[in-house]
Amino acid sequence: MQPASILQADSAADRPTFSVVIPIWNEAAVIPELYRRVQEVMAEAGGSWELICVNDGSEDNSLQLLLELRAADPRVRIIDFSRNFGHQVAITAGTDFAEGDAVIIMDADLQDPPETILRMIERWREGYEVVYAVRVSREGETWFKLWTANLFYRLLQSIADINIPLDAGDFRLMDRRVVLAMRRLREKHRFMRGLSSWVGFKQIGVEYERAERYAGETKYPLRKMLRLAMVAITSFSYLPLQLATYFGFAFAILSLVGIIVTVILRLSGNLFFLGQATTLVSVLFLGGVQLIFLGILGGYLGRIYDEVKGRPLYLISRAYGFVSDERPQ
Ligand code: UDP
Ligand code: MG
């Protein structure tokens with residue numbers, strides 16, 4: 001894929017200072033308020049701005065509302081996907097098209113308070129190139145989500161090959177240099193906050209209180225959360241694969257001890273370990289362990305297969321407000 005910046009050969013002077021990228025999937029209930037809050041905050045940011053909304057195959061009238069916003073304010077730009085490609089891919093498309101010197105990624109549901117953007121911009125002006133928002137508290141989430149999220153971030157921190165900040169979501173500001181680097185990462189199974197750590201650059205966190213969803217339902221049920229967690233782990237760690245080796249060694253040593261003990265017992269005339277139960281239990285147990293590791297191998301293999309297929313990350317039905325409204329991806 002061609003990074004959008006190559007196709008859009010505007011001079012630096014035409015580019016806005018800030019791009020706000022927002023993925024939208026069935027968010028009709030929040031769009032008017034979202035625009036009002038973003039525009040209020042960006043008016044104070046001290047620079048020109050664009051708002052890039054990526055419509056991720058919404059089935060409600062989100063696109064209609066976005067088009068109405070765009071009719072009134074041409075700083076609103078819209079990328080309309082051909083179907084739902086998922087949150088992480090929607091963010092990717094937004095950053096592919098963003099032209100700002102700093103690009104801010106936030107959710108549509110106002111759980112990421114737009115006012116935090118001003119503090120991010122302050123840090124950016126001090127010279128930081130990635131300013132990620134760290135949740136110090138979360139409102140309106142179930143204890144289950146809080147607990148699992150907490151556990152997940154700590155697990156990932158301990159097994160990942162890179163340092164991914166704790167309790168930081170996708171809400172962040174990235175300097176254009178970071179965005180250009182991110183555009184070169186085209187992996188299919190994407191964990192954007194991990195990738196934005198992987199690229200390096202000067203990073204810092206700002207704390208914020210995660211608000212309640214303004215309206216509507218979460219778009220991340222448990223199933224999708226687990227899938228994202230698996231993407232995160234497999235993208236940044238080989239530990240699940242290596243576990244098979246550790247288990248293998250442990251069982252090999254155990255069976256060696258078992259052999260020696262059995263031989264000694266038999267020679268001394270003790271008739272232990274008779275009957276089928278011991279054999280059956282150990283065969284079943286090891287069979288189970290082997291299947292688990294086959295599954296883990298399968299997980300990595302499937303990801304390799306998706307990469308090899310080389311399909312584009314997303315397809316755009318139409319883009320509104322860019323140099324060419326039907327740009328190739
Ligand atoms: N989203 C998306 N595509 C999806 C799922 C979610 O574009 O397939 C968007 C959604 O509209 C929202 C953001 O991703 O702007 C985060 O979703 P949500 O707030 O429901 O997640 P949560 O905050 O509950 O984890
Ligand atoms: Mg949310």
Side-chain angles (χ1 to χ4, degrees), residues 19-35 37-38 51-66 69 76-98 103-114 116-117 132-135 137-153 156 167-172 188-194 196 208-232 313-317 319:
S19 302
V20 180
V21 168
I22 304 185
I24 306 264
W25 187 42
N26 298 339
E27 301 284 11
V30 304
I31 288 173
E33 177 68 8
L34 171 69
Y35 172 72
R37 294 267 297 274
V38 168
L51 173 62
I52 301 187
C53 295
V54 183
N55 180 34
D56 187 13
S58 297
E59 286 136 28
D60 63 359
N61 61 341
S62 292
L63 179 63
Q64 187 58 36
L65 290 175
L66 292 175
L69 285 182
V76 178
R77 301 188 163 140
I78 306 163
I79 297 168
D80 186 27
F81 275 178
S82 65
R83 64 168 168 85
N84 179 266
F85 280 93
H87 177 207
Q88 301 289 303
V89 173
I91 296 176
T92 307
T95 47
D96 285 346
F97 281 71
V103 176
I104 297 120
I105 297 173
M106 62 180 280
D107 285 354
D109 58 0
L110 293 169
Q111 280 196 291
D112 305 332
T116 314
I117 296 175
Y132 53 85
V134 181
R135 304 155 180 163
S137 72
R138 285 177 159 212
E139 272 173 47
E141 304 274 25
T142 61
W143 67 266
F144 181 75
K145 180 144 187 175
L146 292 180
W147 184 73
T148 45
N150 206 23
L151 191 73
F152 166 69
Y153 283 114
L156 186 65
D167 303 318
D170 289 309
F171 187 23
R172 60 190 58 220
K188 302 291 179 299
H189 297 270
R190 309 173 70 78
F191 184 61
M192 290 295 276
R193 49 202 104 150
S196 114
Y208 80 113
E209 288 176 12
R210 192 152 166 90
E212 262 184 83
R213 198 172 225 291
Y214 177 73
E217 294 278 301
T218 173
K219 309 295 184 297
Y220 263 96
L222 183 62
R223 180 177 47 81
K224 276 201 199 168
M225 263 166 50
L226 284 176
R227 204 190 306 156
L228 186 65
M230 284 309 292
V231 170
L313 270 177
Y314 52 82
L315 291 173
I316 294 173
S317 150

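Counting convention: from 1, in listed order, for ligands and their atoms alike.
The number of heavy-atom neighbours closer than 6.0 Å to OH of Tyr214, taken from other residues, nucleotides and ligands shown, is 12 or below.
When each of Asp56, Val54, Leu63 is tested with Asp80 by the rule side-chain contact (heavy atoms from CB on, under 4.5 Å), just one qualifies, namely Leu63.
Of all heavy-atom pairs spanning Val76 and Leu66, the tightest one is CG1-O, 4.3 Å.
Judged purely by atom type and a 3.5 angstrom limit, Ser317 has no side-chain atom pairing as donor or acceptor with the backbone of Phe81.
Every residue two or more places apart in sequence or in another chain was checked for a salt bridge (charged side-chain N to carboxylate O under 4.0 Å, His left out) with Arg227, and none qualifies. Residues forming a salt bridge (charged side-chain N to carboxylate O under 4.0 Å, His left out) with Glu209 (at least two apart in sequence, or on another chain): none.
Shown are the protein N/O/S atoms under 2.8 Å from the Mg ion (ligand 2), given by residue and atom: Asp109 OD2, Gln111 OE1.
In this structure, ligand 1 sits under 4.0 Å from heavy atoms belonging to Pro23, Ile24, Trp25, Glu27, Asp56, Asn84, Gly86, His87, Asp107, Ala108, Asp109, Gln111, Lys145, Arg210, Arg213, Thr218, Lys219, Tyr220, Lys224.
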Audit row: Gln88, Asp170, side chain to side chain donor-acceptor pair (under 3.5 Å) steps and yes/no
CA-CA 9 Å; Gln88 301 289 303; Asp170 289 309; 2.9 Å; yes
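Ion pairing between Asp167 and Arg210 fails under the 4.0 Å rule for side-chain N and carboxylate O.
A 4.5 Å side-chain heavy-atom check between Met192 and His87 finds every atom pair outside the cut-off.
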